[in-house]
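My questions will all concern the structure given below.
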Amino acid sequence: MAEHHGHHGHGGQMTPEQQKQMIEQEIRLAKNLGQIKHKIIVMSGKGGVGKSTVAANIAETLQKLGYATGILDADIHGPNIPKMLGVDLYGEAFNEYQFNVFKELTESAMAKETFESEEEKGEFIKAKQEEYSNSLFPVKTVSGLKVMSMAFLLQSIDTPIIWRGPQKTGAIKQLISDANWGPLDFLIIDNPPGTGDEPLTVLQTIPDADAVIMVTTPNVVSQEDVLKCVKMVGMMNIDKIGLIENMAYYVCPHCDEKLHIFGEGNGKAFAEEMEIEYLGDLPIEEAVSNSPNKDAVISVLNPDDEVSKRFKEIALEIKEKFC
């Protein structure tokens with residue numbers, strides 16, 4: 001994947017070939033994103049606040065509610081979404097998956113045609129290969145949720161990505177433009193934390209996002225970092241912003257008392273202060289942190305769990321307030 005996007009000549013000059021590739025990428029981008037009704041970007045000011053857990057659960061919840069949903073893991077250095085959703089394919093296994101999807105699509109298209117000769121059939125297959133030459137087919141979870149991630153393009157889970165800015169932004173743009181989602185009701189984009197190159201690239205590449213959802217914890221440092229993110233999103237002229245306060249409390253299994261491990265946050269007041277929508281809080285639960293070991297998220301493993309019910313409320317809230 002990294003080969004497709006080098007530096008564009010010296011001093012910003014692009015060769016005609018690079019210009020052609022860039023125009024073709026823009027066309028693919030418009031075509032792929034044009035089939036998606038609603039795009040929701042999930043962000044956080046810092047790592048470790050459970051942003052990917054929130055993004056994955058919201059995506060699976062929307063899929064379960066009957067909406068065709070996809071999730072794009074735009075984190076280059078820590079692409080955890082496939083592991084969380086139980087679809088961690090790497091290298092050769094992902095290539096095989098790609099071939100099988102292409103084969104299925106081509107065979108179903110061929111079934112609708114009548115061919116006069118083998119040569120005509122060969123030409124048809126060749127045309128399909130050309131049509132899908134830049135396509136990356138998202139991997140489906142058991143529920144039908146479509147997943148695309150940088151992780152799929154690595155040889156193994158422990159392969160580090162040691163890239164500088166231009167390579168990372170090029171890779172993200174390519175992931176967005178080449179993922180062949182097909183028609184979707186929702187695409188959830190799990191953005192890397194912070195306000196650097198990668199989150200900025202996602203915001204610039206998807207300027208028509210329906211909403212940006214900020215994930216924070218009841219902690220002054222986390223909230224200060226979220227404030228920076230909110231200002232950054234505002235600078236991009238996106239004004240539909242929501243806040244979710246994760247790890248807000250812990251319910252004691254013995255006495256049902258609510259314990260505020262990270263201090264008593266006030267997500268609602270914090271959201272009002274920033275003039276953004278408050279979407280609710282989520283408790284800390286052992287079942288949530290254990291779920292990746294079971295190859296699925298809590299809303300799939302246990303729909304009746306308190307956290308799963310909260311995710312359903314939040315997903316419906318997002319739909320109602322922003323879509």
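A quick note: this is a predicted structure, and the numbers were derived from the prediction, not measured. Just so you know, these numbers use all the heavy atoms, side chains as well, and skip hydrogens, waters and symmetry mates.
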- Query: Would D210 and K37 pass as an ion pair if we require N to O under 4.0 Å?
  - Reply: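 No, this pair does not count.
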- Item | Donor + acceptor pair across side chains of D190, S52 (<3.5 Å) |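 Yes, because at least one side-chain N or O of D190 sits under 3.5 Å from a partner of the opposite role on S52.
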- Does a side-chain heavy-atom distance below 4.5 Å link Q25 with R28?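 Side-chain contact under 4.5 Å: yes.
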- Task: May I ask you to check whether F152 and Y90 place their ring centers less than 6.0 Å from one another?
- Result: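 Not under 6.0 Å, so no.
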- Task: Please say whether the positively charged group of K240, taken as NZ for Lys or CZ for Arg, lies over the ring of F322, i.e. under 6.0 angstrom from the six-membered ring centre and within 45 degrees of the axis.
- Result: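 Checked: cation-pi criterion not met.
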- R310/D281 ion pair, N-O < 4.0 Å: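 Yes, charged N to carboxylate O under 4.0 Å.
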- Task: Indicate, with yes or no, if I284 and L301 share a hydrophobic cluster defined by side-chain heavy-atom contacts under 4.5 Å among Ile, Leu, Val, Met, Phe, Trp and Tyr.
- Result: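 As far as the 4.5 Å side-chain criterion goes, I284 and L301 are not connected within one cluster.
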- K319 and H38: side chain donor to acceptor below 3.5 Å: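 No - no donor-acceptor pair under 3.5 Å links their side chains.
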- Path from V202 to M236 over hydrophobic side-chain contacts below 4.5 Å: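 Yes: a chain of side-chain contacts under 4.5 Å links V202 to M236.
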- Are E26 and K173 close enough, and set up right, to give a salt bridge (charged side-chain N to carboxylate O under 4.0 Å, His left out), and what steps lead you there? CA-CA 10 Å; E26 293 297 333; K173 199 156 186 187; 3.0 Å; yes
- Query: Taking 4.0 angstrom as the limit, do K46 and D225 come out as a salt bridge?
  - Reply: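 Result for this pair is no, no salt bridge flagged.
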- Looking at E224 and K228, does any basic side-chain N land under 4.0 Å from a carboxylate oxygen?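 Judged by the 4.0 Å cut-off on N to carboxylate O distance, E224 and K228 do not form a salt bridge.
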- Query: When you check the gap from the basic side-chain N to the acidic O, do E313 and K309 get nearer than 4.0 Å?
  - Reply: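 Judged by the 4.0 Å cut-off on N to carboxylate O distance, E313 and K309 do not form a salt bridge.
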- Query: With side chains defined as the heavy atoms from C-beta onward, is the minimum distance between M84 and S291 less than 4.5 Å?
  - Reply: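 No; the side chains remain at least 4.5 Å from each other.
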- Establish whether I27 and L175 are linked, either directly or via other cluster members, by ILVMFWY side-chain heavy-atom contacts under 4.5 Å.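 I27 and L175: separate clusters.
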- With a 4.5 Å limit on heavy-atom distance, are the side chains of L243 and E277 in contact?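 When only atoms from C-beta onward are counted, E277 and L243 do not touch, as no gap falls below 4.5 Å.
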- Query: Hey, quick one: are F94 and V142 part of the same hydrophobic cluster, counting side-chain heavy atoms closer than 4.5 Å, chains of contacts allowed?
  - Reply: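 No; V142 is not reachable from F94 via cluster members.
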- Could you give me the CA-CA distance, side-chain angles and deciding distance for Q35 and L184, then say whether side-chain contact (heavy atoms from CB on, under 4.5 Å) is met? CA-CA 6 Å; Q35 297 188 80; L184 286 182; over 6 Å; no
- Can a salt bridge be assigned to the pair E130 and K126 using a cut-off of 4.0 Å between side-chain N and carboxylate O?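 So E130 does not pair with K126 through a salt bridge.
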- Query: Taking the six-membered ring where the residue is Trp, are the ring centres of F270 and Y278 under 6.0 Å apart?
  - Reply: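 No: the rings miss the under 6.0 Å criterion.
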